[in-house]
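A quick write-up on the structure given underneath.
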Amino acid sequence: MSVQLDSGVLAHLRSVDFKVEDENLDRYLQVLTQPPMFTTLRIDCSCVSKVEAEEKIKISLEKQSCKRGMAKFSMFWHRDFQDCLVLHNRGPNNVEKVEKEVMVDLACGMAILRGADIFIQGIMAAPPSLTKGDAVSVYADLDKKCLKGLTSKYTGRKLFVGNGISQVSRAEVFNAHSETLRGLGVLMTQPVYEAPCLSELSYPWLVPQNLPSIACVHALDPQSGESVLDMCAAPGGKTSHIASLMNYRGFIVALEKSNQRAKKLKQLGLHNVQVFAFDSTKALSEVAKRESGPPFPPATFDRILVDAPCSALGQRPCCINIMPLKQLGSYPVIQHRLLMVAADLLKPGGVLVYSTCTITSTENEEQVAKFLVKRPDMQLVAPHVQLGKCGLQGSQLTASQRSMVQRFDPGVLVGEASFPREDLCNVDTIGFFIAKFVKTDHKEDT
Ligand SMILES: C[S@@+](CC[C@H](N)C(=O)[O-])C[C@H]1O[C@@H](n2cnc3c(N)ncnc32)[C@H](O)[C@@H]1O
């Protein structure tokens with residue numbers, strides 16, 4: 001099974017982004033439909049010791065497994081990142097379907113494949129006879145065509161994601177007040193893929209994050225006392241990692257264009273972080289003062305992260321992506337603008353990290369190549385920990401430059417290659433890209 005893409009987008013990926021590595025694209029689109037077989041948790045080691053964190057997580061996970069009748073999850077600390085705990089997921093399991101069916105929307109179905117249960121509001125359809133305690137088979141609606149409250153079995157395209165135990169009756173789900181209903185609808189006891197339920201692992205020092213996102217902030221390597229700018233900050237996973245690695249000492253500015261998302265980021269209440277709802281493409285002004293918030297004068301920051309808006313084709317699992325070609329084409333423009341502003345806001349000697357959660361060369365390797373041409377004062381450098389593979393062939397980057405970027409491409413899992421158990425967690429990830437630059441002292445105008 002391969003992810004279903006808009007035909008224009010698929011043709012574009014084949015003829016432009018993967019023109020030299022076409023086979024890679026096919027492997028990639030196949031693996032995208034499955035969830036990664038690892039869950040990674042970032043631990044804020046400035047708030048809790050590793051021993052205490054591990055112990056608490058272990059107890060929590062044992063409770064989860066016991067409640068669902070599942071085997072325990074094994075875990076280990078990541079070899080290179082001291083703040084990253086890796087848990088083994090399991091699957092695909094051969095689960096026997098039962099008579100009663102519950103339908104959920106596609107987003108909920110994808111979350112179930114990564115360990116979630118179903119909240120009442122996520123239930124789209126259930127049989128009239130459904131009562132609390134019933135065993136049910138759960139399906140995700142692949143075409144967004146299942147009507148809320150449907151009483152008969154849904155006959156459209158659907159994906160089986162596992163079995164569970166209903167925590168509610170049908171009448172409780174679809175009554176006049178169902179809009180306000182909260183709480184668990186179905187406890188997933190036999191999911192096709194078993195992964196820890198992250199909503200049950202709630203500690204202030206724990207952030208569930210995909211491994212490449214953790215690698216991204218380690219590549220930035222922020223230090224106590226520095227001034228750091230996060231240009232695309234919400235929901236704030238990487239901002240909070242930056243603050244933690246700086247031991248909450250220094251000056252961090254988090255910019256986010258969306259008012260609503262910036263508001264939520266503020267609510268995280270991160271120490272030493274000033275959040276502004278602001279368009280980062282306008283964050284530079286020759287006459288601005290650093291103290292008064294954005295825009296900022298040139299050469300203000302020691303380190304800058306551009307975790308750019310992108311086509312997000314790296315998200316796993318994903319069965320269907322309806323993004324039209326026009327939307328795909330809109331991202332490189334904004335990404336380039338953000339990079340150019342970042343280069344000016346960086347102090348000489350400062351570090352810039354550019355990242356996306358997508359796999360197109362246009363948004364990744366070609367973006368880096370264009371930036372290096374426009375900004376000869378920016379030098380591409382290798383990160384101190386290189387987990388991702390080298391960049392795609394066929395881009396404007398030289399072989400040496402391709403070896404310095406990190407491309408996380410789980411498509412290699414479909415090939416013949418076998419990986420040592422320890423390394424597998426660095427490969428079986430979402431699709432992602434990271435490039436690191438250092439600003440030199442000299443700017444030659446082009
Ligand atoms: C990939 S997400 C960032 C994820 C975030 N760094 C994290 O780790 O939680 C990109 C974010 O950039 C925001 N964004 C898009 N255009 C922007 C702009 N011009 N200025 C600032 N933020 C922008 C989007 O609203 C979105 O929240």
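This one's a predicted model, so the numbers in the text were calculated from it and none came from an experiment. Residue numbers count from 1 along this sequence. Both counts, for ligands and for their atoms, begin at 1 and track the order of listing.
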Worksheet item: Do L338 and ligand 1 have an N or O pair less than 3.5 Å apart?
Response: no
Discussion item. A cation-pi test, strictly: NZ or CZ of R42 under 6.0 Å from the centre of the six-membered ring of F81 and no more than 45 degrees from its axis. Yes or no?
Written reply: no
Practice prompt. Give the C-alpha distance, both sets of side-chain angles, the deciding distance and a yes or no for salt bridge (charged side-chain N to carboxylate O under 4.0 Å, His left out) between K238 and D307.
Written response: CA-CA 9 Å; K238 297 184 189 70; D307 185 33; 2.7 Å; yes
Worksheet item: With a 4.0 Å cut-off on heavy atoms, is A312 touching ligand 1?
Response: no
Worksheet, complete the sentence: Of M231, Q209, K257, the one whose closest heavy atom lies nearest atom 17 (C) of ligand 1 is K257
Discussion item. Considering S213, S355, P309 one by one, which has a heavy atom nearer to atom 16 (N) of ligand 1 than any of the others?
Written reply: P309
Item to complete: Examine the proximity of ligand 1 to R261 and report which part, side chain or backbone, both or neither, has a heavy atom under 4.0 Å away.
Response: side chain
Worksheet entry | D279 N/O to ligand 1 N/O under 3.5 Å | yes
Worksheet item: If we only count N/O pairs under 3.5 Å, is C232 in contact with ligand 1?
Response: yes
Fill in: Shortest heavy-atom approach to atom 1 (C) of ligand 1 - which of D307, I334, L305
D307
Practice prompt. Answer yes or no: does an N/O atom from A234 fall short of 3.5 Å to an N/O atom of ligand 1?
Written response: yes
Fill in: Ionic contact status for K56 with E52, cut-off 4.0 Å
yes
